[in-house]
> 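Below is the structure I would like to discuss, written out as structure tokens.
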Amino acid sequence: MNGKHITKLGFGGRAIALALAAAKVRERVGISTQEILGELASVRDHPEAYVTGGVYADLAAELTSREARARAARQATLRPTPLPYRVWGEDLIEPGARTQMDVAMQLPVSRAGALMPDAHVGYGLPIGGVLATEGAVIPYGVGVDIGCSMMLSVLPLRPDALGTDETRKLLMKHTRFGAGVSFEKSFRGDHEVLHDPAWREQALLRHLRDKAAEQIGTSGSGNHFVEFGTLHLPAPDLGLEAGDYLAVLSHSGSRGFGAQVANHYTKVAQTLHPQLDPAARKLAWLPLDTEEGEGYWQAMNLAGRYALANHDLIHARIARALGAEPLAQVSNSHNLAWKQVLPDGEEVIVHRKGATPAEAGRLGLIPGSMADPGFVVRGRGNAEALDSASHGAGRQMGRKAAERALNKRDVQAYLKERGITLIGGGVDEAPQAYKRIEEVIARQRDLVDVVAEFRPRVVRMDTGHEDV
DNA sequence: ATGTGC
């Protein structure tokens with residue numbers, strides 16, 4: 001048995017080496033060349049029958065994956081008109097975000113979608129966009145900050161138990177902000193996510209694990225924050241009595257690790273769809289039944305777990321410093337894709353890019369700006385919204401527009417009026433650059449119920465391009 | 001959002 005036999009059967013590329021390796025295994029157990037060639041022809045003609053196991057499984061997987069890639073390359077044409085989708089808070093949404101959502105709803109793999117009231121323009125899918133696809137995942141449908149998420153810890157302390165200076169010191173000591181930052185080596189935490197077997201299963205992940213270990217427990221830049229504030233719970237819920245509690249709220253993501261996964265697989269997806277309409281180029285997808293699609297799915301989910309681990313460490317550090325055990329915790333990812341079954345029974349991939357999962361009964365967190373209230377919400381499971389809600393107030397000004405329209409004094413006046421202490425923060429994150437959270441919440445009363453209100457008091461963020 | 005390639 002040699003390479004000529006293999007290529008004569010029509011195998012090419014990676015399949016040649018896999019076929020040869022399998023043939024050698026069969027030769028070793030005494031099967032004749034003629035018989036092996038017969039078996040290989042059968043794998044070639046019906047690879048799907050061999051993928052589940054046996055000596056030909058790797059070859060069969062390569063063949064089915066190649067078929068899927070070829071299919072993907074052919075699907076380059078957009079639907080002539082977008083599939084219909086519902087919009088919440090249409091009066092709050094700029095036209096550019098609608099246009100982006102329209103393009104997403106023209107993709108051949110799209111099945112359903114919805115736009116949340118905090119929606120604004122992003123890369124590819126708008127922020128606040130929810131998109132259900134069939135058999136495919138879109139890296140830019142999840143976003144660059146894979147697994148970006150919120151976490152709230154309710155502490156067994158009165159809201160006024162800590163002075164402003166003490167709170168500020170806690171935040172300075174136990175949080176780290178900014179692109180590329182990590183904790184000092186001796187101060188670095190560990191977490192079970194760093195020992196996840198998935199890190200060893202892809203070259204990309206093996207390469208990124210050290211960076212992830214360095215940055216664990218940190219917050220990023222942009223709109224990420226860690227803040228102390230008062231949680232007002234009007235009625236018993238979350239396993240707690242009604243009342244006011246000291247609470248910590250954090251917004252963080254998967255840091256450099258997730259960003260590199262996103263950039264890598266976006267390029268892979270674009271390479272897979274060379275003919276895709278340029279209008280949808282940033283929405284290039286990966287079929288889930290390809291090696292590439294499976295690879296992204298694994299890396300994306302690892303980044304999702306890693307982002308939540310960052311929150312875990314932030315909250316654990318703060319709680320330990322206070323000698324307090326949180327009474328309750330709520331968390332949710334708002335940049336991720338999930339497998340979900342539509343009411344008609346079809347299994348789809350639901351991308352939430354800046355959207356909170358809101359299945360009936362599920363708790364979630366919808367923050368306002370650095371100086372506005374945030375809300376603990378409970379999902380109502382609205383099928384037309386694909387069980388989703390907004391992930392925040394949403395920008396009404398882009399970063400550059402905010403820096404043009406506002407200055408430090410505007411932000412300082414806003415903070416002073418509300419009694420908020422800010423560490424770091426840039427004019428681009430000014431509360432005035434965001435939609436009014438009360439209006440955004442009002443537009444989605446059929447998506448979530450409000451459980452509690454969080455009022456920030458001491459906020460830490462990264463320093464912006466123009467500091468406050 | 002990231003932290004480096006365009």
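These figures come from a predicted structure and were not determined experimentally.
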> Of A:V459, A:L171, A:L249, A:T421, which meets side chain to side chain contact (heavy atoms under 4.5 Å, CB included) against A:F228?
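Per the side chain to side chain contact (heavy atoms under 4.5 Å, CB included) rule, the option paired with A:F228 is A:L171, out of A:V459, A:L171, A:L249, A:T421.
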> Atom CG of A:L208 and atom P of B:dT2: how far apart are they, to the nearest Å?
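Whole-Å distance recorded here is 14 Å.
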> Would you say A:S221 reaches B:dT2's phosphate, i.e. side-chain N/O to OP1/OP2 under 4.0 Å?
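Answer is yes, contact under 4.0 Å.
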> Rounded to whole angstrom units, what separation is found between the NE2 atom of A:H251 and the C1' atom of B:dA1?
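For the pair A:H251 NE2 and B:dA1 C1', the rounded distance is 10 Å.
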> Nearest whole angstrom, please: distance from the P of B:dA1 to the CD of A:E429.
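About 7 Å, once rounded to whole Å.
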> Can you check whether A:H224's main-chain N or O pairs, donor with acceptor, with A:D462's side chain at less than 3.5 Å?
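No, the answer is negative, given that no donor and acceptor are paired below the 3.5 Å cut-off.
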> Nearest of B:dT2, B:dA1, B:dG3 to any side-chain atom of A:R255?
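Among B:dT2, B:dA1, B:dG3, the one nearest the side chain of A:R255 is B:dT2.
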> Once you apply a heavy-atom cut-off of 4.0 Å, does A:G256 come out as touching a base, just sugar-phosphate, or nothing?
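Answer is sugar-phosphate: A:G256 comes under 4.0 Å of backbone atoms only.
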> Within the 4.0 Å heavy-atom criterion, would you say A:N263 contacts the bases, only the backbone, or no part of the nucleic acid?
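It contacts nothing in the nucleic acid.
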> Figure out the CG/P separation between A:N223 and B:dT2, and round it to whole Å.
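It is 9 Å, rounded to the nearest whole Å.
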> Within the side chain of A:R460, is there an N or O that forms a donor-acceptor pair under 3.5 Å with the backbone of A:T175?
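Answer holds: yes.
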> Taking any heavy-atom pair under 4.0 Å as a contact, classify A:F257: base, sugar-phosphate, or nothing.
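Nothing, no heavy atom under 4.0 Å.
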> Expressed as a whole number of angstroms, how long is the span from A:L125:CG to B:dA1:C1'?
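Interatomic distance, CG of A:L125 to C1' of B:dA1: 16 Å.
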> Mind calculating the distance between CD (A:Q215) and C1' (B:dG3) to the nearest angstrom?
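Computing the A:Q215:CD to B:dG3:C1' distance gives 9 Å.
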> What integer distance in Å separates A:K211:NZ from B:dA1:C1'?
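Answer to the nearest Å: 12 Å.
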> Just by modelled atom types, is the A:I146 backbone N or O under 3.5 Å from a matching donor or acceptor in the A:S254 side chain?
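Yes; judged by distance alone, with no hydrogens or angles, the pair exists.
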> Tell me the interatomic distance from A:Y140, atom OH, to B:dT2, atom P, rounded to whole angstroms.
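The answer, rounded to whole Å, is 14 Å.
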